[in-house]
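See structure below.
Every chain is numbered from 1, with letters handed out A, B, ... down the list of sequences.
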There are 2 protein chains.
Amino acid sequence: MTLKDLAEMLGLSPTTVSRALNGFPEVAETTRRRVEAAALAHGYRPNSQARRLATGRAMAIGHVIPLSRQNEMLNPIFGDFIAGASAVYATAGYDMVLITVADADQSRAYRALRAQGNVDGVIVQGPRAQDSRIALLSDLGLPFVVHGRASGVDLPYAHVDVNSARAFERATRFLIDLGHRRIALVNGLEEMDFALRRRRGFERALGERGLAPDPHLMLSGEMTEAQGHAAAHRLLARHDPPTAFLTSSLLSAMGVRRALWDLGLKMGRDVSILTHDDELGYFRNGAEEPIFTATRASVRAAGRRCAEILLAQIAEPGAPPVTELMEAVLVVGASTGPAPGARP
Amino acid sequence: MTLKDLAEMLGLSPTTVSRALNGFPEVAETTRRRVEAAALAHGYRPNSQARRLATGRAMAIGHVIPLSRQNEMLNPIFGDFIAGASAVYATAGYDMVLITVADADQSRAYRALRAQGNVDGVIVQGPRAQDSRIALLSDLGLPFVVHGRASGVDLPYAHVDVNSARAFERATRFLIDLGHRRIALVNGLEEMDFALRRRRGFERALGERGLAPDPHLMLSGEMTEAQGHAAAHRLLARHDPPTAFLTSSLLSAMGVRRALWDLGLKMGRDVSILTHDDELGYFRNGAEEPIFTATRASVRAAGRRCAEILLAQIAEPGAPPVTELMEAVLVVGASTGPAPGARP
DNA sequence: TTGAAAGCGCTAACAT
DNA sequence: ATGTTAGCGCTTTCAA
C-alpha cells in the first residue's frame, strides 16, 4: 500500500494525500478526514526510506560506542541513558541507531556517517579530557551533543554534564567533617574527563582544610568491581591505611565493600565508604538499601535532555549550543560514620 | 559528492560508476581502478537512504525493547548481547536500530515496522512462555530471531537459547550431592520462559533423587539485587531455612549474599549459593573472584549468533529456521560447600 | 564493456 | 483547496 495506491483509491492526487496526512493547513477538513480514514482502513504507512530520501533528513540519531569502551555498555548507566533518550526519539519519530566503532576508526566512522547521511546527529558518550571527536564533529557540521564535557576543548559545544567536581568536593568535605584525615580516592581512568574533574574536587576540598593530598591514596583504573576490590586491598595493607574511601562508581564501591568484608572490617565503624549518586550509585552507599529509583531517574533525565537538545539543534541549526550542568545528589549512607578515634 | 558528480568528473555514466563500486563483474579492471581511486580521493560515500530506497532493503536490524522490561537494558547481559550482535552488523554493513515500545503497542509497533520498512528483520528479546510476538512476526513475514524460546509456541522459528533446564538440573544435582536437602530457588518472573525452564530443571533433579520440591522454597520475581536480598531474608527467617540457594541471576545472587552478611552467616559453611554462568553470572559464584571474561564472551556469542542467523535468513528467505541450543557453563565457586551436618 | 532511461515512494515548488 | 511536475541519489532493466 503506497501513497499512490491510496491516492488512486480516493480519486485524489498523491500530493493531496501526502498533505492531508502530514497536517498541512490548506487541506479541506472533509478531505483530510476521508484520507485519514482510508489510510487507517488500509493500514497505510509511509515508507520511511522514501520519505528520508525526499526530505533529506535521516530521522535517526546515532549513538556511537567506541569498542574499547565496551565496558560502558555493560555499565549500568548506559541502559538508563539510552532509555531516557529513546523516549524522546520515539515521540519525535526518530530512530536510534547504535554504532560500535573501533578506536582507530573514529574519525573515519564519523566522516562516513556524515557522508552517508544515515543519521541527523550524534550523541557523544564518555568524553576524554581532550576529545578529538568534538573538533571533528564541529568541523563536519554534524549536529552533536556530548554527555559530559572535555576540559581541554575550547570550542563551544552542546553538552549535558553533572557537576562532578562539586560533587566530590562536597563528598570529601563531608568525610573531613566526620573526622577523616586519610581519605582514599578510587577513581576512574584519568583520561576520562569526569575522573579528572572528580579528582580536582577531591583535592580542592582537602586543600581548603589545609590537608595535602597523598598520591598513594589516589588510585585510578577501570571502574569495575575487581578494580575496587584490588585497590582497597592494596590501600588497606599499607602501614597508614585510609579510614575512608571515596569511590567513583557503584561497581568499585562494591569491590571496596568486599575488601572490607575480606578483612573483617566493619563499614561505618572501621572504614567509611562514600560514592556519589549520579554516575553509578545505584545503591545508597554504605547503607544496605538500594536506591535504584532515584539514580536511574537522574541518568534517564540526562539521556532525555541530551536527546531533546540534539533534536532542537537539528530543528534550528543556527542556535547557540545549549549546555546544561546538573548538580549531583549526594546520597550518604548509614555506614558512612565518624572516623575511628575522632571526637564526636 | 554524489554518484552523478563522480561520474561526471570521470567522464563515465552513473551506471558504470555504480557497477564499478559495487563489484559487478562486467566492469573493465582499469575502469574499476580509476573509479575506486576517484571515489577514495573525493571521499565519496553512497547515500544510504537513496540506496535503501532503490534496493528496497533497509540495511538495518531492529532490536525491540519492551518498555516494561527496561530492566533488561540495565541488565548486564544486554550490553554484551548488543556488542556481539553489532559486530556482525558492522561487517555486513547493517545498522542496528534500538526501538523501545510500550507493552500495549507491541502489535502495532511490529506492524508499523513492517509497513514502514525501516528494518529488514528484528531480534526478539526476553520471550515469555506464550509469546504472541512470534506468531505475529511469522504472520507479518518479517524475519526474526528469538534470543531464548517460548515453550508455548508450536510454530517453527529461529532462535538461540541456552539449555536452562539442564543447567539448573545439573546445578541442583550438584547441591544435592553436597548433602543439601533444603535448596531454595530464587527465580526470575515465571512469565518469562527461561524462568519456567529453570524451575523445571530444578524440580527434575529433585524428583530424580526422590525429593519433593517445597513450594515455600521457590520464589520468583524481578531479578534485582533487592529482590534477592528480600527473598533470602524471608527464607532464612523460616523455622526450616534452606542450606543452599540456587539463584537465577548475578544480581539476585548478590542480594542473597548480602542477606547472609546481614545475618552473620558464612558462605560455603552455613549456606551455599549457586548461580549459573550464562545469564547473569558475572561472578564466579560464591568464590569471591569475578569472572567477567568468560560470561561476557558467552553472552556476546549469543548476540553474534542471533545476528548471523538473522542476516542469513534475510539473504535466503526460504531456508528452514535455524535453532541453536548452547549448553550453560556451570561455574562452581569456593563458597559452595557441603551442607551443614552432611557427612563428607 | 558501457550508457540511457525508468523508477523506488515520497515531498515540494509551482501552477491553477 | 487541489493537481502537475520535477526531483531526492541510487539501482536496474534494456539497448548498444
Side-chain angles (χ1 to χ4, degrees), chain A residues 1-36 38-39 42-60 93-95 112-120 315, chain B residues 1-36 38-39 42-60 93-95 112-120 315:
Chain A
M1 172 65 44
T2 70
L3 190 70
K4 208 171 132 200
D5 297 338
L6 198 63
E8 272 167 15
M9 312 186 86
L10 289 163
L12 289 168
S13 76
T15 315
T16 304
V17 176
S18 169
R19 281 197 278 241
L21 258 23
N22 289 306
F24 281 60
E26 64 262 35
V27 180
E29 260 318 304
T30 56
T31 312
R32 166 163 296 139
R33 264 198 283 278
R34 236 172 34 104
V35 172
E36 275 167 351
H42 296 81
Y44 167 76
R45 290 260 162 192
N47 178 301
S48 40
Q49 319 302 346
R51 175 184 289 193
R52 281 163 217 243
L53 180 59
T55 58
R57 287 173 306 150
M59 294 307 284
Y94 277 75
D95 278 348
L113 271 184
R114 174 69 179 151
Q116 289 171 185
N118 49 1
V119 299
D120 296 317
Chain B
M1 172 66 45
T2 71
L3 189 69
K4 207 172 134 200
D5 297 339
L6 197 62
E8 273 168 14
M9 311 186 86
L10 288 163
L12 288 168
S13 75
T15 315
T16 305
V17 176
S18 169
R19 282 198 277 240
L21 259 22
N22 289 308
F24 281 60
E26 65 262 33
V27 180
E29 260 318 304
T30 57
T31 312
R32 164 163 297 141
R33 264 198 282 277
R34 239 175 28 107
V35 172
E36 275 168 352
H42 296 82
Y44 168 75
R45 291 259 162 194
N47 178 301
S48 39
Q49 319 303 345
R51 175 184 288 194
R52 282 162 215 243
L53 180 59
T55 59
R57 287 175 306 150
M59 294 307 284
Y94 277 75
D95 278 349
L113 272 184
R114 174 70 180 150
Q116 289 170 183
N118 49 2
V119 300
D120 296 317

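Separating the CD atom of B/E8 from the C1' atom of D/dG9 is a distance of 13 Å, rounded to the nearest angstrom. In this structure, CG of A/L10 is placed 13 Å from C1' of D/dT2, rounded to the nearest angstrom. Rounded to whole Å, the distance from CG on B/L6 to C1' on D/dC10 is 13 Å. One can place CZ of B/R34 at 13 Å from C1' of C/dT1, the figure rounded to the nearest angstrom. Whole-Å rounding puts the A/R33 CZ to D/dA1 C1' distance at 15 Å.
Here the side chains of A/R34 and A/L12 are in contact, with some heavy-atom distance below 4.5 Å. Counting only heavy atoms from C-beta outward, the side chains of A/L21 and A/E36 approach each other to under 4.5 Å.
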- Does the side chain to side chain contact (heavy atoms under 4.5 Å, CB included) test come out yes or no for A/N118 and B/R52, once each step is laid out? CA-CA 10 Å; A/N118 49 1; B/R52 282 162 215 243; 3.7 Å; yes

- A/R32 and A/E29: CA distance, side-chain angles, deciding distance, salt bridge (charged side-chain N to carboxylate O under 4.0 Å, His left out) verdict: CA-CA 5 Å; A/R32 166 163 296 139; A/E29 260 318 304; 3.3 Å; yes

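Checking the phosphate oxygens (OP1, OP2) of C/dG3, a side-chain nitrogen or oxygen of B/S13 falls inside 4.0 Å.
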- Note on the structure: Readout for nucleotides 6-16 of chain C: B = base within 4.0 Å of protein heavy atom, S = sugar-phosphate only, - = neither; 5' to 3' it is --BBBBBB---

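Residue pairs meeting the salt bridge (Lys or Arg N to Asp or Glu O under 4.0 Å) criterion with at least one member in residues 6-20 of chain B, sequence neighbours excluded, are B/R19-B/E26.
Atom CD of B/Q116 sits about 8.0 Å away from atom CZ of A/R51, to the nearest 0.5 Å.
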